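Report on the structure given below.
Since this is a predicted model, take the numbers as computed values, not measurements.
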Amino acid sequence: MLRTVIASTAALGLAAGCAPDSTAPVKVSALVLSSNGQYVPQEVELKTISDIVGLKGTVADLQGGARIVIDSQDPDLNNATTPEGYANALLKNAGRDVSANYISQGGVLWPADFHTWNMVTAYYSMERAYDYFRVVGNIPAADFKDPVTTYYFPEFVLADVDKDPMSDNAMYFSVLESFLVLPFDKLQRAPLAINAGVIAHEYAHRVFNLKAYNGQQFPEALTLWQQAGASPGANILKSFDEGLADYHAYGATCQTTQGGKGCDSRFFSTSFHGNLYGQVTEDRDLARVDRCMDASLLNQLYNQNLSAFSGNEYRVGTLLASALYQAGEATGQRDVLLRAIVASYNDESTTTPGLYQLARATLADQSRFTLAVAASAIITHITDLRLKEAVCNELMDHLQIPREQLVGNDPNMCPPSTAGGTTCPRLDL
């Protein structure tokens, strides 16, 4: 579908102009989700760009041609002793500046080839995610640090799994403190590079790393806790990272101002559809109210190692995201809740400690970092009693957190009227 749109657009007979002006804001055409659920060319402004050809700006710096290899047999990796050394060993080829091509018409730059459409749209989506976290998340611009190196269509090889490079994925890779936008193969309808919800999800992982992991390339809590036989603390952290990324991605879709679809709990659907991938959309749809923790998943959460639990962090994360979605929508305080979540990532206050502080306090005994403890970071940053009650009720219901665990020694953690929801059958804990 996209190749057809791009081909017909490029054939409009636009007149070529001089070298593009990179003075922000720059008017360009990008692929934007329309109200009918299709990605279509639309005029937008890139407000943070400094080099429209190299696609560099304060939000991102796109690089092409990189090669990244993770191989347990690689002597360079095995001999690395620092995070920087490990990152350097992974990056077999750092790549080069990308070079976008445009056709100018009426002061608007139209991408002249497929990759330029893809890259411009990816930059625009990252800029929108940045704006979301700056405005809704109330994060100061300085906290985002340097522009994120974004490896566009790199060769990313997990050698122990497959010698061929991966495709059909986008990710924030904390080891390199970078985004990876991989080539697409099966996801032809809407490659992940242009899916604004997916890009916002990955940007949310970066924010979680900056705040909840204090910007660590190898988060201390995960590194230490996953060495144990059972790693409940690591499993919970990873689950919160995934679930909150989904909820923030949903929140970012609600900020659409240029004729887009707006709030979209099924933002995966434009990329993951049909018989092959359609279940991904169903499994991650935040608006479904029937999501409940079951005894098997809860047992795995607390008793499996992080490697064995891999994949289940999405299931637990979806339970968390759905619970928060229900609370935010029912009270009409979505943005208030989303802002409280960001505030809960890192807070040095002794009365409202953040996730980072709670994890550090339990480093020596991860069994103390429970679902209730992690959830308390969010709850203590909610000041509105109606919203606090709704969040407590939904978390008690969908995540099966007993009230006494959630409240703990703080009678003000949840309002006295909190009793839990009635959607999910109570587990015998």
Side-chain angles (χ1 to χ4, degrees), residues 54-56 59-98 119 122 126 144-185 192-193 199 201-228 231 233-235 237-238 241-242 245 305-311 313 356 359-360 363:
L55 286 168
K56 302 177 187 293
V59 169
D61 176 1
L62 268 66
Q63 296 289 305
R67 179 173 170 80
I68 303 159
V69 180
I70 302 177
D71 185 349
S72 63
Q73 304 303 311
D74 185 347
D76 291 336
L77 286 183
N78 293 327
N79 292 330
T81 58
T82 65
E84 294 77 13
Y86 193 88
N88 290 334
L90 285 177
L91 195 58
K92 303 304 182 184
N93 185 337
R96 59 190 179 278
D97 292 343
V98 300
M119 293 187 295
M126 282 187 278
F144 291 97
K145 300 184 179 179
D146 295 332
V148 186
T149 298
T150 301
Y151 293 109
Y152 176 76
F153 277 33
E155 290 186 28
F156 182 60
V157 180
L158 299 177
D160 294 351
V161 177
D162 192 340
K163 299 299 182 183
D164 292 327
M166 290 180 61
S167 61
D168 291 321
N169 209 342
M171 66 187 76
Y172 178 68
F173 192 34
S174 67
V175 178
L176 295 180
E177 299 177 288
S178 302
F179 289 114
L180 309 183
V181 178
L182 304 186
F184 65 89
D185 178 20
L192 298 182
I199 296 297
H201 172 100
E202 297 307 324
Y203 206 93
H205 283 315
R206 179 182 183 238
V207 171
F208 193 89
N209 180 272
L210 288 173
K211 299 291 185 179
Y213 294 143
N214 208 35
Q216 298 167 345
Q217 290 171 263
F218 295 89
E220 182 180 21
L222 293 183
T223 302
L224 177 63
W225 287 347
Q226 68 181 336
Q227 296 174 19
S231 56
N235 297 341
L237 271 177
K238 289 289 288 184
D241 190 1
E242 287 299 338
N305 182 267
L306 183 61
S307 60
F309 190 70
S310 179
E313 69 270 22
Y356 175 67
R360 280 189 58 81
L363 275 178

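Applying the side chain to side chain contact (heavy atoms under 4.5 Å, CB included) criterion to Glu84, with sequence neighbours excluded, gives Thr82, Gln217. With sequence neighbours excluded, no residue forms a side-chain hydrogen bond (donor to acceptor under 3.5 Å, both in side chains) with Asn209. Listed by chain and number, the residues in a salt bridge (charged side-chain N to carboxylate O under 4.0 Å, His left out) with Asp61 are Lys56 (sequence neighbours excluded). Applying the side-chain hydrogen bond (donor to acceptor under 3.5 Å, both in side chains) test to Tyr152 and every residue at least two apart in sequence or in another chain returns His115, Asn118. Here Asp76 pairs with Asp74, Ala89, Lys92 under the side chain to side chain contact (heavy atoms under 4.5 Å, CB included) rule; sequence neighbours left out. For Asn214, the side chain to side chain contact (heavy atoms under 4.5 Å, CB included) partners two or more places apart in sequence, or in a different chain, are Asn346, Tyr356. Glu155 pairs by the salt bridge (charged side-chain N to carboxylate O under 4.0 Å, His left out) definition with Arg67, not counting sequence neighbours. Among residues two or more places apart in sequence or in another chain, the side chain to side chain contact (heavy atoms under 4.5 Å, CB included) test is passed with Asn79 by Pro75. Listed by chain and residue number, Asp143 satisfy the salt bridge (charged side-chain N to carboxylate O under 4.0 Å, His left out) test with Lys211 (two or more places apart in sequence, or in another chain). Phe179 is linked by a ring-ring contact (aromatic ring centres under 6.0 Å, His included) to Tyr172, Tyr203, counting only residues two or more places apart in sequence or in another chain.
Residues Val175 and Leu90 share a closest heavy-atom pair of CG1-CD1, 3.6 Å. Pro154 approaches Leu182 most closely through the heavy-atom pair CG-CD2, 3.7 Å. Considering all non-hydrogen atoms of both residues, Leu77 and Tyr86 come closest at CD2-O, 3.7 Å. Shortest non-hydrogen contact noted between Ala80 and Gly85 is CB-C, 3.7 Å.
Going from atom CD of Glu313 over to atom CG of Leu237 covers 12.0 Å, rounded to the nearest 0.5 Å. Summarising the geometry, atom CD belonging to Glu242 is positioned 4.5 Å from atom NE2 belonging to His201; distances are rounded to the nearest 0.5 Å. Atom CD of Gln63 sits about 5.0 Å away from atom CG of Asp97, to the nearest 0.5 Å. For the atom pair CG (Leu91) and OG (Ser178), the distance works out to 8.0 Å, reported to the nearest 0.5 Å.
Residues Tyr151 and Phe173 form no side-chain contact, since every pair of their non-hydrogen atoms from C-beta on lies 4.5 Å or further apart. Between Thr150 and Val181 there is a side-chain heavy-atom pair separated by less than 4.5 Å. The shortest side-chain heavy-atom distance between Leu62 and Met126 falls under the 4.5 Å cut-off.
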Atom pairs and distances, side-chain donor-acceptor, residues 156-166, under 3.5 Å, sequence neighbours left out:
{"residue": "Asp160", "atom": "OD1", "partner": "Ser72", "partner atom": "OG", "Å": "3.1"}
{"residue": "Asp160", "atom": "OD2", "partner": "Ser72", "partner atom": "OG", "Å": "2.8"}
{"residue": "Asp162", "atom": "OD1", "partner": "Asp164", "partner atom": "N", "Å": "2.9"}

Please output the side-chain donor-acceptor pairs of residues 219-228 that fall under 3.5 Å, not counting sequence neighbours, one pair per line with the distance.
{"residue": "Glu220", "atom": "OE1", "partner": "Arg360", "partner atom": "NH1", "Å": "3.0"}
{"residue": "Thr223", "atom": "OG1", "partner": "Pro219", "partner atom": "O", "Å": "2.9"}
{"residue": "Trp225", "atom": "NE1", "partner": "Leu363", "partner atom": "O", "Å": "3.1"}
{"residue": "Gln227", "atom": "NE2", "partner": "Thr223", "partner atom": "O", "Å": "3.1"}

Exercise for the section: Give the intermediate values and the outcome of side-chain contact (heavy atoms from CB on, under 4.5 Å) for residues His205 and Asp241. Expected result: CA-CA 7 Å; His205 283 315; Asp241 190 1; 2.7 Å; yes

